[in-house]
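Small disclaimer: the values here were computed from a predicted structure and weren't measured. Keep in mind that the numbers below use all heavy atoms, side chains included, and drop hydrogens, waters and symmetry copies. Residue numbers start at 1 and run along the sequence shown. Just follow the structure's listing: the first ligand is 1, and inside any ligand the first atom is 1.
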Amino acid sequence: MAKRPEWLDNAVFYEIYPQSFKDTDGDGIGNIGGITEKLPYIKELGCTALWINPCFESPFGDAGYDVSDYCRVAPRYGTNDDLVRLFEEAHRLGLYVLLDLVPGHTSWEHPWFKESMKAEKNKYTDRYVWTDSIWEEPTGYGSLRGISERDGSCAVNFFTHQPALNYGYYRPQRPWQQATDSEGPVATREAMKDVMRFWLSRGCDGFRVDMAGSLVKNDEDCKGTIAIWQNIREFLNEEFPGAAMVSEWGEPCQSLAGGFHMDFLLHFGSSHYNDLFRCPEPFFQGCGDASRFVEKYIDSYERSGRRGLICIPSGNHDMDRLARHIHGDNRKLAFSFLLSMPGAPYIYYGDEIGMRYVEGLTSVEGGYGRTGSRSPMQWDGSENAGFSTAPAEKLYIPIDPSSDRPTAQAQMEDAASLRSEIKKLIAVRQAHKALQSLGEIEFISDGAKGKPLAYIRSGGDERIFVAVNPTDSAAELAFDGTPCEVVYSFGDQAELAENRCVIGGKSAVFVLIK
Ligand code: NOJ
């Protein structure tokens, strides 16, 4: 059983892509010192925790998801001491910090991989998934071949330069496929525990785990991978019981069985997340249909024991900016949903001010279509939007060139801005247990085309009726309860009566009910 850090129950996360957040040394790329400097900004918004994308040594072929030293901060971001200072400062402000753990693969420049390419057997020979002949390829994402003196092909996990670490095969069938409890896979698992130990003992509060469901190969139901995470959970329970673990897995009934505290709703696969925010007719733009999302959500929720542990992000470094598809005040409605759902909400840096997807960029560090969502944070109206003092052409990714690009400063000064609305919504969530991670949810209206989304959240001794209506027309909703107090409202004032609510078009309301 996973021990549970209590702070997760009312956590609101802020995701930081370190390259693009704040540059304090004028080299055009964000750094750890910049994150530390901006912690009060995150705190002021009301967020309680951060997830920082990988900030470790790397050749940056996949923006740092190709690690070459797990235990060293990439020099361009600063030093390990700078990261420890960030933890300390965050804790002083009451914020928690998750690092990004990439257990499934390394960079091909990692010293482990270089050793494993050698013909002569050594400590790292079995650290990666190798076949025993160059002419045989492992199945999956493809393989690395013809680059080693060792005779074999090595499985890759994502891009070609990301060789797959060896956690074994669920049912080995070929002589080179190893069982999960054989020496090589066990050594890999233990090495990953050492990485976790390294950062947890220096003050990090836990990890967002990259591709957490992908460790064991030929593991259709993920039973082998679940067993690995259970083993890691035992280690954490013993040595770091307060460590929080959030998985990029997308199957909470599997990841929670593995001892994760929370799992992400993914923007790919079968979640229908994109129906809400990123498709030709997104629900929150007022023209779409949320019903397949709701159906799938309820299924995952029920199968994972009705625990509110599915985290819904506003966006992330892998998908289009929310603002590319959802416009104007509809963004506020999208956030009224994101901030009233179970699980911890994740706000991708800049989404709180409606930062846009920057069109037409050449790929940077393996970003490809993702690059436009990774542009520098727009702090204020000064040079480079206050991100960096470097000449504009030296910036890691160009800033949104539009003259009316949103900035944090302007939005903080405007009570009607998206950021101000989000700040209000976070405060409402923090004031009501029913709206937080573990509060239960029961859907009243599934957002089928032309209809609002509505649900009742309950927790502690509270019940809160939530209705979000991005369509143009008012809608009548029936539910079981007596309205007592409106705790949040946007748009038209809702008409409330016993067991009934009429919500205006382009409006949202949260009501305490008895
Ligand atoms: C998921 C990460 O979010 C993404 O950015 C990365 O490219 C892949 N995993 C590979 O690590």
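In terms of protein heavy-atom proximity, atom 6 (C) of ligand 1 is nearest to Asp62 OD2, 3.4 Å. Looking at atom 1 (C) of ligand 1, its nearest protein heavy atom turns out to be Asp210 OD1, 2.9 Å.
With a 4.0 Å heavy-atom cut-off, ligand 1 is reached by the side chain of Arg208 but not by its N, CA, C or O.
With 3.5 Å as the limit, one finds no donor-acceptor pair spanning the side chains of Ser373 and Tyr17. There is no side-chain donor-acceptor pair under 3.5 Å between Thr106 and Trp112. Arg321 and Tyr348 form no side-chain donor-acceptor contact under 3.5 Å, judged by distance and modelled atom types alone.
Set against the non-hydrogen atoms of Glu248, the atoms of ligand 1 under 4.0 Å away are 1 (C), 3 (O). Listed by number with element, the atoms of ligand 1 under 4.0 angstrom from any heavy atom of His105 are 10 (C), 11 (O). Below 4.0 Å from some heavy atom of Asp318 lie the following atoms of ligand 1, by number and element: 1 (C), 2 (C), 3 (O), 4 (C), 5 (O). Taking every heavy atom of His317 and a limit of under 4.0 angstrom, the matching atoms of ligand 1 come to 2 (C), 3 (O), 4 (C), 5 (O).
Put simply, the side chain of Tyr124 does not reach to within 4.5 Å of the side chain of Lys114, judged on heavy atoms.
In this structure, Arg419 forms a cation-pi arrangement with Tyr41, its terminal cationic atom sitting closer than 6.0 Å to the ring centre and no more than 45° off the ring axis. With a 6.0 Å cutoff to the six-membered ring centre and a 45° limit on the axis angle, Arg189 does not count as a cation-pi contact of Phe235.
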